[in-house]
Amino acid sequence: MKKFITLCCACAAMLMLLTAPVASAKELSGKLEIFSWWAGDEGPALQALIDQYKAANPKVEVVNATVTGGSGVNAKAVLKTRMLGGEPPDSFQVHAGQELIGTWVKADRMEDLTFLFKEQGWEKVFPAGLVKQIGTDKGIWSVPVNIHRSNVVWYVPENLKKWGIAAPASWDEFFAAAEVLKAKGIVPLALAENWTINHLWESVALSAIGVENWEALWSGKLAFDSQAGVKAWQLFGKVLEYTNKDAASLSWQQATDMVVDGRAAFNIMGDWAAGYMTTTKKLVPGKDFGWAASPGTGGKFMFLADSFGLPKGAPNRDNVIAWLTLLGSREGSDAFNPLKGSISARTDSDLTKYNVYGQSAAADFSKDLIVGSLAHGVSANEGFMNDFASVMEMFLKSRDAMAAAKAAQQIAVKNGIGK
Ligand code: GAL
């Protein structure tokens, strides 16, 4: 009996060692405020990370501060007030690319995280192209937690079959299918509130002008009011004719619901829609819903990456460093992304943890031409994005492609695009 008890104690001790949270050398305590727009339906993936953090740092009180609103429409405004008011959250969601570099890094509000990248060996596990989007010659400014794809069209295979149409590979194919759908009283393309219109615009523009021109717009080599630029707005205007009239009052999830419920045939949305359909709605990818590159963008992967950084003056710096370390880890990333619909930003992720959608996105990311998203912070700074919203508003009223292209060129110059 005694032997047995000794053995049990030894086993228990071993188990404790094995399962003990991989804690930082010193035990962390106090608070950690994480600021993001991942509220409600968008929350489960973030919660998985927070659970891991809490297990490793039980004495830290995690404050999950969210401001609802897809693509951060409301959160970014609150963040701005806090940052400018000298009350930064400990860590906040920010897109890799110009949203980070052209806004918060430019304003000298972030701490350089090069030390953490070196310590964790991250320069070797994150793709060089991505590290470029979060770095400048002065440092590395955030930790990417995922790669999302923006140019995806979603549909329900069974419904398409019923309606006698296929997922369109080009906009011409879409227009042909859309006529069939309209005659049946089905909305061809579900659209939601304003930011999702910008989201649609980037997919349409990419297909209208191609990868080289898309890049050239952001490096300042191609004017927005060039022939290619005008073409993008013309095609966009035509696409809008096949969308629902109540778009402005819907959230992105409600537009996805229209497809799932069979009220609409297609929706173009980032692959957080895959996360919503699998994690929240418990649908089976490949069976209950299907996907393809948005029309005319096959072989192109328009990417964006959510990341978190360490603002200067963060109240709980050590707790943030532990948070960022978790975000960049293989374990953290592979807990978060399968729920989120995104793929890991790490090149060594465990794909067996992902469903067929995630696996196909990972395969595409490794072979497609990669371009940066405008609507989600990669290509342009916040100044341009804010002005672009007004250009879009004007276009929605006037449907004047030339005027929109000219206005876009003006705001590009004003916001230093390509400088
Ligand atoms: C994007 C963000 C995604 C998702 C989406 C909808 O900007 O990168 O993670 O949250 O907005 O809100």
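Numbers here are sequence positions counted from 1. As the structure lists them, so they are numbered: ligands from 1, and atoms in each ligand from 1.
Aromatic rings from F308 and W323 are positioned such that their centres are separated by under 6.0 Å. For W104 and W141, the gap between ring centers reaches or exceeds 6.0 Å.
Residue contact check: S71 has heavy atoms under 4.0 Å from atoms 1 (C), 6 (C), 7 (O), 11 (O), 12 (O) of ligand 1. Atoms of ligand 1 found under 4.0 Å from any heavy atom of W252 (numbered from 1 in listed order, with element): 6 (C), 12 (O). Less than 4.0 angstrom separates some heavy atom of H95 from each of these atoms of ligand 1: 1 (C), 2 (C), 7 (O), 8 (O). Close approach to G70 involves these atoms of ligand 1, each under 4.0 Å from a residue heavy atom: 12 (O). Atoms of ligand 1 lying under 4.0 Å from at least one heavy atom of L304, given by number and element, are 8 (O).
Between W38 and ligand 1, an N or O atom pair is found at a separation short of 3.5 Å. Residue K340 places at least one N or O, backbone or side chain, under 3.5 Å from an N or O of ligand 1. Residue W195 places no N or O, backbone or side chain, under 3.5 Å from any N or O of ligand 1.
For the residue pair N381 and T103, no side-chain donor N or O sits within less than 3.5 Å of a side-chain acceptor on the partner. Defined by atom type and a distance below 3.5 Å, a donor-acceptor pair is missing between the side-chain atoms of D271 and Y276. Between the side chains of T256 and W154, not a single donor N or O lies within less than 3.5 Å of an accepting N or O.
If you take OG on S379 and CD on E215, they are separated by 7.5 Å, rounding to the nearest 0.5 Å. To the nearest 0.5 Å, atoms NZ (K231) and CG (N213) are separated by 8.5 Å. Remark: L240 CG to L396 CG distance equals 6.5 Å, nearest 0.5 Å.
The protein non-hydrogen atom at the shortest distance from atom 1 (C) of ligand 1 is H376 ND1, 3.4 Å. Among protein heavy atoms, the minimum distance from atom 4 (C) of ligand 1 is reached at E42 OE1, 3.3 Å.
Of the heavy atoms in N146, none comes closer than 4.0 Å to ligand 1.
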